[in-house]
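Below: one structure, written as structure tokens.
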Protein chains: 2
Amino acid sequence: MLSQTAEYALRAVVYLAQHPGEPTTVEQIAKHTQVPVGYLAKILQQLARAGLTSAQRGLHGGHILTRSPAQITLLDPVMAVDPIHRIDRCPLNINGHGHELCPLHRTLDNVIAAVARSLQAVTVAALLEDASGAAPLCGAGNARPATAAVALPSI
Amino acid sequence: MLSQTAEYALRAVVYLAQHPGEPTTVEQIAKHTQVPVGYLAKILQQLARAGLTSAQRGLHGGHILTRSPAQITLLDPVMAVDPIHRIDRCPLNINGHGHELCPLHRTLDNVIAAVARSLQAVTVAALLEDASGAAPLCGAGNARPATAAVALPSI
DNA sequence: CAGTAAAGAGACATTTTTATCTCAATACCT
DNA sequence: AGGTATTGAGATAAAAATGTCTCTTTACTG
């Protein structure tokens with residue numbers, strides 16, 4: 001669904017949110033989020049370029065969030081590294097029905113829009129405050145029993 | 001969002017639904033759906049293996065749907081060629097909190113579930129009957145002016 | 001039966017995504 | 001100033017997705 005890269009970016013942002021203040025090295029983030037170090041470095045660069053994080057070089061350097069977790073939604077890192085594209089014109093743009101979409105692509109675009117809204121509706125802070133179960137990112141040692149996830153049959 | 005392959009599969013199925021009865025050749029479908037012929041042939045094989053379509057070889061052969069468009073949802077072709085996977089265990093399966101997901105992955109799984117439900121809620125027949133605008137697949141010549149798509153700012 | 005129009009299957013090619021490696025630039029510390 | 005820990009950037013590699021090509025099999029037609 002989301003790309004591997006987007007997943008990694010989300011993990012990194014959540015981890016950073018759990019470690020406010022302290023600049024955190026790529027290595028440390030990678031270790032705790034199970035993301036390949038070298039690849040994560042690239043992703044963190046993208047997050048920095050997008051203004052979500054900032055990095056400090058040198059000794060005691062590392063990455064930090066530039067905004068409070070309450071002001072970062074799950075959509076933000078996703079758009080930074082692997083943007084979700086709305087369908088804004090029919091991919092089969094034969095005899096231009098202007099910017100109107102055919103029923104298929106209108107439906108697909110609605111799905112995409114819903115995904116974007118869902119991600120946008122959840123802040124990173126909300127994840128951290130979540131009291132229903134395991135700690136964010138399966139934080140070692142502090143997982144608690146939780147309510148069962150809602151089952152969706154058939155897929 | 002969805003893969004190219006899934007897009008192609010959806011186009012093919014919609015096209016077949018518009019041409020009930022007649023076995024339709026890969027070439028004809030490809031032409032009208034703007035999908036590379038060779039690749040489409042592979043995709044149609046996958047649809048056939050999944051039982052959505054069946055193919056007849058030889059002269060006057062081609063592909064047809066095995067079910068009525070009313071009994072095919074948009075999820076069906078997608079699952080046939082490029083299955084949507086629910087997140088059923090934390091990808092960072094450190095100190096196993098069983099099958100519980102952490103807040104991040106529970107959220108992501110909910111998004112995936114919503115996508116699946118949305119696709120499952122729309123039948124191919126519904127697309128064909130859609131009276132709000134352009135014909136399915138931008139059908140040449142019969143596009144009509146339609147209601148504007150709902151705008152989603154910020155993405 | 002021979003010819004032709006179609007799908008089936010598999011090898012091959014290209015492009016994109018994911019991942020690794022190396023070296024340079026920066027900042028701190030003694 | 002020199003040493004070390006860190007990010008930045010770019011080249012390279014590997015894997016997966018997408019796309020092409022060729023040959024075989026099947027079924028209809030005359």
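Quantities reported herein were computed from a predicted structural model and do not represent experimental measurements. First the proteins, then the strands, lettered A, B, ... as listed; each starts at 1.
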Exercise. What's the closest nucleotide to the A/L59 side chain, out of C/dC29, C/dA5, C/dA7?
Worked result: C/dC29
For this session: Count the heavy atoms belonging to other residues, nucleotides or ligands that lie under 6.0 Å from CD of B/E22, then report whether that count exceeds 12.
Result: yes
Problem set entry | Nearest heavy atoms of A/I64 and A/G21, plus distance in Å | CG2-O, 3.6 Å
Exercise. Where the side chain of B/P36 is concerned, which of D/dT7, D/dT20, C/dT18 is the nearest nucleotide?
Worked result: D/dT20
Exercise. A/Y39 OH to D/dA16 C1': how many Å, rounded?
Worked result: 12 Å
Exercise. Between C/dT26 atom P and A/H60 atom NE2, what is the distance in whole Å?
Worked result: 20 Å
Exercise. Between A/R11 and A/E7, is there a salt bridge with N-O shorter than 4.0 Å?
Worked result: yes
For this session: Indicate yes or no for a side-chain donor-acceptor contact from B/T73 to the backbone of B/A121 under 3.5 Å, with no hydrogens or angles considered.
Result: no
Exercise. 5'-most contact on DNA chain C: A/S3 or B/G58, nearest heavy atom basis?
Worked result: B/G58
Exercise. How are the rings of A/H32 and A/Y15 set relative to one another: parallel (under 30°), tilted (30 to 60°) or perpendicular (over 60°)?
Worked result: parallel
Exercise. Do any of residues 44-57 of chain B sit with a heavy atom less than 4.0 Å from DNA chain C, and if so which?
Worked result: B/Q45, B/R49, B/A55, B/Q56, B/R57
For this session: Measure the distance from CD on B/E27 to C1' on C/dA7 and round it to the nearest whole Å.
Result: 12 Å
For this session: Check the distance between C/dT18's C1' and A/K42's NZ and give it to me in whole angstrom.
Result: 11 Å
For this session: To the nearest Å, give me how far apart CD1 (B/I29) and C1' (C/dA5) are.
Result: 15 Å
Exercise. Is the backbone N or O of B/I87 less than 3.5 Å from a side-chain atom of B/D109, with the two atoms forming a donor-acceptor pair by type?
Worked result: yes
Exercise. Roughly, in whole Å, what's the span from CZ in B/R11 to C1' in D/dT18?
Worked result: 14 Å
For this session: Could you work out which one of D/dT7, C/dC21, D/dA5 sits closest to the side chain of A/V26?
Result: D/dT7
For this session: Using atom CD of A/Q4 as one end and atom C1' of D/dA14 as the other, report the distance to the nearest whole Å.
Result: 15 Å
Exercise. So, is A/Y8 near the phosphate of C/dA19, with a side-chain N or O under 4.0 Å from OP1 or OP2?
Worked result: yes
Problem set entry | Separation of atom CG in A/L40 from atom C1' in D/dA9, rounded to whole Å | 16 Å
Exercise. Under 3.5 Å, is there a donor-acceptor pair between the B/Y8 and B/S3 side chains?
Worked result: no
For this session: Would you please confirm or rule out a distance under 4.0 Å between OP1 or OP2 of D/dA17 and any side-chain N or O of B/T5?
Result: no
